[in-house]
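Model, not experiment: these values are computed from the prediction. All ligand and atom numbering here is 1-based and tracks the order in the structure. What you see below is based on every heavy atom in this structure, not just the backbone, and it leaves out hydrogens, waters and symmetry mates.
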Amino acid sequence: MKDRILIIGSSGQIGTSLVMNLRKIYGNNNVIASDIRPSSNEVMDSGPFEELDILNEQLLRKIVKKHRITQVYLLAALLSATAEKDIEFGWKLNIRSHSHVLDLAKDGLIKKIFWPSSIAVFGPTTPKENTPQYTIMEPNTVYGISKQAGERWNEYYFNKFGVDIRSLRYPGLVGWRAKAGGGTTDYAVNIFHQAIKNKQYESFLSENTRLPMMYMPDAIRATIELMEAPFERVKIRSSYNLAGISFTPEEIAAEVSKHIPNFEMSYNPDFRQKIADSWPSSVDDSHAKKDWGWKLEYDLEKLTSDMIKNLKKQYKITV
Ligand code: NAD
Ligand code: SER
């Protein structure tokens, strides 16, 4: 039987890219987008969309049965900065959505799950440079705690119920198809929009805050490669470290200036600085490389020129 895929949270930063990539591989009608709000025109016009609040477990099960879904990608969540502003709802959404999807597989309704973790599973006591796969993990944000709990549930459901769950600890992601959704790493998306529109940007992280980041096409490719890897090659069921490119706001600003010469960057750190300071500067993803052949493609230079090219097209700027 051909796989039929449900993406939950398809209107966000990752979902808008992931849906289009999966539709190319599996066929438009086999990839069902879903969210509490409409997705991009591209997503809405190219295949099926269901309005779904993931907290509504009954509706989730109805949609899964209606479309004979075999795989679920769960992207709905509150990100780090937004979750800090409403810790009860952040916890409720991030934890319940996950258990609703895990239980679909436990009850035999679906075969495979993708659920993203994050560098936010690490905390201030974690080694900061080249952070190992297995290390001290004492996250101090509600988002990070929910991701760490999620990783434990992943492993538990795999060991106890044989659920084929696959997961990546994404670095901060940078893409042009959708605006960023409430994360601490969003400055690296916002900088491009502001540089193109206003030739200036005020960063909410300080100039020398080094974080692991990644361009969206690499993240989407990593996700699909992990999901398509043979079962026995996926040896880590909690979540894989995934390294991208580590850079600071000052370094990305310098790269943007090469394309937009009068660009001016200023710095005004807010509450997100403390969150960023608790995360690693770089991570070691040797397990992903060894187990299923992961390889990064975009460096900061390539990321910057591709972002600017695509956003200029989106804003219809011809220079
Ligand atoms: P996003 O905020 O851009 O998108 C999340 C989507 O979920 C939104 O479209 C939102 O409308 C939807 N949503 C919210 N509540 C919902 C509900 N109750 N039911 C259904 N949909 C709902 O986030 P993103 O950047 O696309 O991230 C997706 C996932 O990847 C999250 O789990 C996030 O933690 C993880 N992640 C993202 C990054 C990153 O840098 N973007 C890094 C690490 C991990
Ligand atoms: N990029 C995400 C955030 O900043 C981390 O998962 O919230």
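For the residues Gly172, Ser11, Pro171, Ser239, the heavy atom positioned nearest atom 42 (C) of ligand 1 is part of Pro171. In this structure, of Ser117, Ser10, Gly12, the residue bringing a heavy atom nearest to atom 1 (P) of ligand 1 is Gly12. The heavy atom nearest to atom 12 (C) of ligand 1, considering only Asp35, Leu78, Asp186, Ile8, is found in Asp35.
Outside the 6.0 Å centre-distance limit, the rings of His259 and Phe192 are not counted as a close aromatic pair. His98 has its ring centre less than 6.0 Å from the ring centre of Trp115. Between His193 and Tyr201, the ring centre distance reaches or exceeds 6.0 Å.
Between the side chains of Ser46 and Arg23, at least one donor N or O lies within less than 3.5 Å of an accepting N or O. With hydrogens and angles left out, the side-chain atoms of Asn208 and Ser206 include a donor and acceptor closer than 3.5 Å. Using modelled atom types and a 3.5 Å distance limit, the side chains of Glu207 and Thr248 yield no donor-acceptor pair. The closest side-chain donor-acceptor pair between Asn130 and Ser282, if any, does not fall under 3.5 angstrom. For the residue pair Asp306 and Tyr215, a side-chain donor N or O sits within less than 3.5 Å of a side-chain acceptor on the partner. Under 3.5 Å, the side chains of Thr223 and Tyr73 contain no donor-acceptor pair of N or O atoms. For the 3.5 Å distance criterion, the side chains of Thr126 and Thr131 fail to qualify, holding no donor opposite an acceptor.
Counting heavy atoms closer than 4.0 Å to ligand 1, residue Leu93 contributes side-chain atoms (C-beta onward) but none from N, CA, C or O. Residue-level proximity to ligand 1 for Gln13 is carried by backbone and side chain together, each with a heavy atom below 4.0 angstrom. With a heavy-atom cut-off of 4.0 Å, Tyr143 touches ligand 2 through its side chain alone. The part of Leu52 lying near ligand 1 is the backbone, judged by heavy-atom distances below 4.0 Å.
Protein heavy atom at the shortest distance from atom 40 (O) of ligand 1 is Leu173 N, 2.9 Å. The shortest contact between atom 29 (C) of ligand 1 and any protein heavy atom is with Leu75 O, 3.3 Å. Scanning all protein heavy atoms for the shortest distance to atom 27 (O) of ligand 1 gives Ile14 CD1, 3.6 Å. Shortest contact from atom 14 (C) of ligand 1 to any protein heavy atom: Ile36 CD1, 3.9 Å. For atom 2 (O) of ligand 1, the closest non-hydrogen atom on the protein side is Gly181 O, 3.5 Å. Nearest non-hydrogen protein atom to atom 43 (C) of ligand 1 is Tyr170 CB, 3.3 Å. The nearest heavy-atom contact from the protein to atom 19 (N) of ligand 1 is Ile54 N, 2.9 Å. Of all protein heavy atoms, the one lying nearest to atom 1 (N) of ligand 2 is Thr185 OG1, 2.7 Å. Here the heavy atom of the protein found nearest to atom 23 (O) of ligand 1 is Leu79 CD1, 3.4 Å.
Of all the atoms in ligand 1, the ones that sit under 4.0 Å from a non-hydrogen atom of Ala77 are 31 (C), 32 (O). Below 4.0 Å from some heavy atom of Pro116 lie the following atoms of ligand 1, by number and element: 29 (C), 30 (O), 32 (O), 35 (C). Within the listing of ligand 1, atoms 7 (O), 13 (N), 16 (C), 20 (C), 21 (N), 22 (C) sit less than 4.0 angstrom from a heavy atom of Ala76. The contact set between ligand 2 and Thr184, taken as ligand atoms under 4.0 Å from a residue heavy atom, comprises 3 (C), 4 (O), 7 (O). Of all atoms in ligand 2, listed by their number and element, those nearer than 4.0 Å to a heavy atom of Ser118 are 5 (C), 6 (O). Less than 4.0 angstrom separates some heavy atom of Ser80 from each of these atoms of ligand 2: 3 (C), 4 (O), 7 (O). Interface of Asp53 with ligand 1, defined as ligand atoms under 4.0 Å from a residue heavy atom, comprises 17 (C), 18 (N), 19 (N).
Between Trp153 and Tyr156, the ring-plane angle classifies as perpendicular under the 30° and 60° cut-offs.
Taking any N or O of Gly9, backbone or side chain, none lies under 3.5 Å from an N or O belonging to ligand 1. Not one N or O of Gly15 is nearer than 3.5 Å to an N or O of ligand 1, by distance alone.
Distances from ligand 2 to the non-hydrogen atoms of Trp279 include at least one value under 4.0 Å. In this structure, Tyr143 has a heavy atom closer than 4.0 Å to ligand 1. Under the 4.0 angstrom criterion for non-hydrogen atoms, Lys147 is in contact with ligand 1.
For the side-chain hydrogen bond (donor to acceptor under 3.5 Å, both in side chains) with Ser117, the lone residue among Glu151, Gln148, Lys147 that qualifies is Glu151.
Rounded to the nearest 0.5 angstrom, Ile54 CD1 and Ile63 CD1 are separated by 9.0 Å.
Geometric assessment of Lys302 against the ring of Tyr298 yields a positive cation-pi assignment under the 6.0 Å and 45° thresholds. For the pair Lys199 and Phe263, the cation-pi criterion (under 6.0 Å, within 45° of the ring axis) is not fulfilled. For the pair Arg166 and Phe114, the cation-pi criterion (under 6.0 Å, within 45° of the ring axis) is not fulfilled.
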